[in-house]
Amino acid sequence: MNIFNNNRIVFWILIFLVLINITALATYFIYMRKPAGEPMPDSGFKHGIALKQELSLTPDQSIKVNKINATCQLSNESLVVAIKEKKTELLDELSKDNTDIKQVEKLVDEVVSEQKNLQMANVKQFLDLKKVCTPEQTQKLSQIYAELYGCENKGKGNGNGKGNSKGKGYRHRYGQQQNAEPIKQ
């Protein structure tokens with residue numbers, strides 16, 4: 001009789017744990033998951049806010065920068081879509097059994113042309129932003145663009161080139177030996 005009581009307790013504990021797991025899964029699917037069609041909420045980070053903080057923009061400058069960025073985003077959207085479409089066509093052509101090299105060259109030229117247009121739009125955006133900024137803000141803007149492009153900013157004092165780093169300009173340590181005094185033994 002004692003075995004049946006022990007089994008009954010284990011049985012009810014298992015039922016209780018199964019109910020807790022089902023409740024947890026239901027809560028997850030109801031509250032944590034968003035439907036696929038619903039847009040993701042904005043994280044609160046906007047490009048204009050980042051520039052405003054980085055460049056220490058005045059309210060008037062901030063309004064102008066937001067206007068420039070909104071205009072550029074609208075005009076660049078069609079360029080980005082065109083680039084993606086051309087790249088898709090290129091990949092489709094490359095995945096064919098008999099790839100037409102002339103068609104590949106044509107598509108590559110079209111991609112390059114669209115990327116050139118996008119780059120020129122980015123340059124125009126920079127120049128428009130530069131008109132709004134003070135010289136100090138323009139330097140910071142240039143650094144931001146350098147980071148976005150994945151380039152090192154060849155500015156002062158970073159050790160690259162023959163700038164104002166107050167170094168001797170020797171590329172290797174061997175150049176330093178000509179000025180060094182001989183070691184006395």
Side-chain angles (χ1 to χ4, degrees), residues 34 36-96 99-176:
K34 300 284 182 199
E38 187 175 313
M40 293 295 288
D42 193 11
S43 63
F45 177 77
K46 298 190 190 251
H47 303 292
I49 293 173
L51 280 178
K52 181 180 179 180
Q53 291 172 347
E54 290 287 326
L55 301 178
S56 303
L57 297 175
T58 65
D60 185 45
Q61 286 178 318
S62 186
I63 290 170
K64 291 177 183 176
V65 165
N66 287 340
K67 190 175 182 179
I68 291 168
N69 287 340
T71 303
C72 289
Q73 185 175 5
L74 285 174
S75 65
N76 290 354
E77 190 172 330
S78 63
L79 292 172
V80 171
V81 169
I83 291 170
K84 286 181 182 179
E85 288 173 356
K86 294 298 177 190
K87 285 183 176 181
T88 301
E89 289 178 40
L90 177 62
L91 290 173
D92 289 343
E93 183 63 35
L94 289 173
S95 57
K96 290 181 181 176
T99 301
D100 182 8
I101 297 299
K102 298 236 185 242
Q103 180 67 19
V104 168
E105 289 175 357
K106 177 185 172 228
L107 290 170
V108 167
D109 289 341
E110 290 174 1
V111 168
V112 168
S113 174
E114 294 296 335
Q115 287 178 331
K116 178 183 176 187
N117 292 337
L118 182 61
Q119 187 64 46
M120 288 306 298
N122 288 336
V123 167
K124 183 184 179 314
Q125 180 185 17
F126 180 86
L127 293 175
D128 289 344
L129 291 172
K130 187 177 168 182
K131 291 176 187 174
V132 175
C133 295
T134 64
E136 295 82 20
Q137 290 170 330
T138 302
Q139 289 296 323
K140 289 180 185 177
L141 182 65
S142 180
Q143 290 173 351
I144 291 170
Y145 267 69
E147 290 173 11
L148 287 174
Y149 286 162
C151 304
E152 292 182 25
N153 194 1
K154 303 285 185 195
K156 295 179 183 177
N158 65 358
N160 295 329
K162 296 178 183 170
N164 298 326
S165 299
K166 298 181 182 173
K168 298 272 187 187
Y170 297 126
R171 181 171 179 169
H172 301 290
R173 290 181 6 181
Y174 301 113
Q176 296 173 357

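Here the structure is a predicted model, which means the values were calculated and not measured.
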- Query: Do E110 and K106 pass the side-chain contact (heavy atoms from CB on, under 4.5 Å) test, and can you show the C-alpha distance, the side-chain angles, and the key distance before you say yes or no?
  - Reply: CA-CA 6 Å; E110 290 174 1; K106 177 185 172 228; 3.2 Å; yes

Supply the atom-to-atom distance [X] [atom1] to [Y] [atom2], rounded to the nearest 0.5 angstrom.
{"X": "S56", "Y": "K140", "atom1": "OG", "atom2": "NZ", "result": "4.5 Å"}
{"X": "L94", "Y": "I101", "atom1": "CG", "atom2": "CD1", "result": "8.0 Å"}
{"X": "T134", "Y": "Q139", "atom1": "OG1", "atom2": "CD", "result": "10.0 Å"}
{"X": "E54", "Y": "L141", "atom1": "CD", "atom2": "CG", "result": "10.5 Å"}
{"X": "N66", "Y": "Q73", "atom1": "CG", "atom2": "CD", "result": "11.0 Å"}
{"X": "L107", "Y": "L91", "atom1": "CG", "atom2": "CG", "result": "10.0 Å"}

- Task: Quick one: do N117 and E114 satisfy side-chain contact (heavy atoms from CB on, under 4.5 Å)? Show the steps, please.
- Result: CA-CA 5 Å; N117 292 337; E114 294 296 335; 4.0 Å; yes

Checking the side chain of [X] only, and the main-chain atoms of [Y] only, is there a donor and an acceptor separated by less than 3.5 Å?
{"X": "T88", "Y": "K84", "answer": "yes"}
{"X": "S142", "Y": "T138", "answer": "no"}
{"X": "Q137", "Y": "L55", "answer": "yes"}
{"X": "Q115", "Y": "I83", "answer": "no"}

Considering non-hydrogen atoms only, spot the tightest contact between [X] and [Y] and give its length.
{"X": "C133", "Y": "Q61", "value": "CA-NE2, 4.0 Å"}
{"X": "N122", "Y": "Y149", "value": "CB-OH, 3.4 Å"}
{"X": "S75", "Y": "S78", "value": "O-OG, 3.2 Å"}

- Message: Apply salt bridge (charged side-chain N to carboxylate O under 4.0 Å, His left out) to residues K96 and D92 and explain how you reach the verdict.
- Response: CA-CA 7 Å; K96 290 181 181 176; D92 289 343; over 6 Å; no

- Step by step, work out the side-chain contact (heavy atoms from CB on, under 4.5 Å) result for L129 and V132. CA-CA 5 Å; L129 291 172; V132 175; 5.7 Å; no

